[in-house]
Protein chains: 2
Amino acid sequence: MNTKDLNNEEIKKLFGATVRKLRTEKAFSQEVLAEKTGLHRTYISDVEQGERNLSLVNIFKFCNALEISPADFFKLMEEA
Amino acid sequence: MNTKDLNNEEIKKLFGATVRKLRTEKAFSQEVLAEKTGLHRTYISDVEQGERNLSLVNIFKFCNALEISPADFFKLMEEA
DNA sequence: CTGTGACTTTTAGTCCGTG
DNA sequence: ACACGGACTAAAAGTCACA
């Protein structure tokens, strides 16, 4: 999959789907992930729905909480 | 380098430094990169200075303009 | 060609709740 | 445990004149 072909909506959706994939693999609830990231629970929901264009430092918070490096996160995302 | 140890300022600075590294390697001016990303010239400058916490879709614009996948971009960033 | 401060508009992100 | 909404505040997006 070539990320160059993604439009803005697709980028957000794919990011959210990757978060959800990793979160459910680790059997975290959204609330637990909210706690680990320090972000609000409704925000986690929105991100997973692909409705948020989150910022760089929050991307890192998600990666840390999901115990994956940003590079590996995006690799997974690109493999989707 | 473990990205878990980076604070917010360091994340932005490291991102900016990585953009600058790739841009100068390709011998692009900030103005050329601005054109390729569709973003404003001064915004590029701010990002490279680590003064912007840019969002997911703009990260992708930078990667596309710099002809690198997001996964490879962050890999480079983590190797710094 | 690039850095900076100031600025307005848009959106990120929170917090209250509902089914 | 999650989706969704309304209302709100903080911060990002985006532009400009000037150094």
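Each chain gets a letter, A, B and so on, in the order the sequences are listed, and its residues count up from 1. Only a predicted model underlies this, so the values are computations on that prediction, with no experimental measurement involved. What you see below is based on every heavy atom in this structure, not just the backbone, and it leaves out hydrogens, waters and symmetry mates.
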### Task
Check whether any side-chain nitrogen or oxygen of Arg41(B) sits under 4.0 Å from OP1 or OP2 of dT4(C), and answer yes or no.
no
### Query
If we ignore angles and hydrogens, is there a donor and acceptor under 3.5 Å between the side chains of Lys61(A) and Asn58(A)?
yes
### Message
Both Ile44(B) and Thr42(A) contact DNA chain C. Taking the nearest nucleotide for each, which residue is further toward the 5' end?
### Response
Ile44(B)
### Query
Mapping Val57(A) and Glu51(A) onto DNA chain D by nearest heavy atom, which one lands closer to the 5' end?
Glu51(A)
### Message
For a 4.5 angstrom cut-off between non-hydrogen side-chain atoms, does Thr18(B) reach Leu22(B)?
### Response
yes
### Task
State whether Asn53(A) places a side-chain N or O below 4.0 Å from either non-bridging phosphate oxygen (OP1 or OP2) of dA12(C).
yes
#### Entry: Nearest-angstrom distance from the residue atom CD of Gln30(B) to P of dG14(D)
17 Å
### Query
Of the options Lys12(A), Arg20(A), Arg41(A), Lys21(A), which is the one that meets Glu48(A) in a salt bridge (charged side-chain N to carboxylate O under 4.0 Å, His left out)?
Arg20(A)
### Query
Is the distance from OP1 or OP2 of dA3(D) to the nearest side-chain N or O of Arg20(A) less than 4.0 Å?
yes
### Task
Please state whether the phosphate of dT2(C), meaning OP1 or OP2, lies under 4.0 angstrom from any side-chain nitrogen or oxygen of Arg23(B).
yes
### Query
How long is the line joining CG of Asp46(B) and P of dC7(C), in whole Å?
16 Å
### Message
Rounding to an integer number of Å, can you tell me how far Phe28(A) CZ sits from dC2(D) C1'?
### Response
17 Å
### Query
Do the side-chain N or O atoms of Ser55(B) get closer than 4.0 angstrom to the phosphate oxygens (OP1, OP2) of dA13(D)?
yes
### Message
Would you say that Asn8(A) contacts Asn53(A) through its side chain, given a criterion of any heavy-atom pair below 4.5 Å between the two side chains?
### Response
no
### Query
So, is Gln49(B) near the phosphate of dG3(C), with a side-chain N or O under 4.0 Å from OP1 or OP2?
yes
### Query
Rounded to whole angstroms, how far apart are CZ on Phe60(B) and P on dA12(D)?
19 Å
### Message
When you measure from the side-chain N and O atoms of Asn58(B) to the phosphate of dA12(D), is any distance below 4.0 Å, counting only OP1 and OP2?
### Response
no
#### Entry: Value in whole Å for how far the P atom of dA13(D) lies from CG of Leu56(B)
11 Å
### Task
List the steps and the verdict of ring pair (Phe, Tyr, Trp, His ring centres under 6.0 Å) for Phe73(A) and Phe15(A).
CA-CA 9 Å; Phe73(A) 182 96; Phe15(A) 185 94; 4.9 Å; yes
#### Entry: Nearest-Å distance for atom pair NE2/P, residues His40(A) and dT9(D)
15 Å
### Query
Would you say a side-chain N or O of Ser45(A) is under 4.0 Å from OP1 or OP2 of dC2(D)?
no
### Nearest-angstrom distance from the residue atom CG of Leu54(A) to P of dT10(C)
21 Å
### Message
Base, sugar-phosphate or nothing for Glu31(B)? Non-hydrogen atoms, less than 4.0 Å.
### Response
base
### Task
Tell me whether the OP1 or OP2 atom of dA13(D) has a side-chain N or O from Tyr43(B) closer than 4.0 Å.
yes
### Message
What is the distance, to the nearest angstrom, from the NZ atom on Lys26(B) to the C1' atom on dC1(C)?
### Response
20 Å
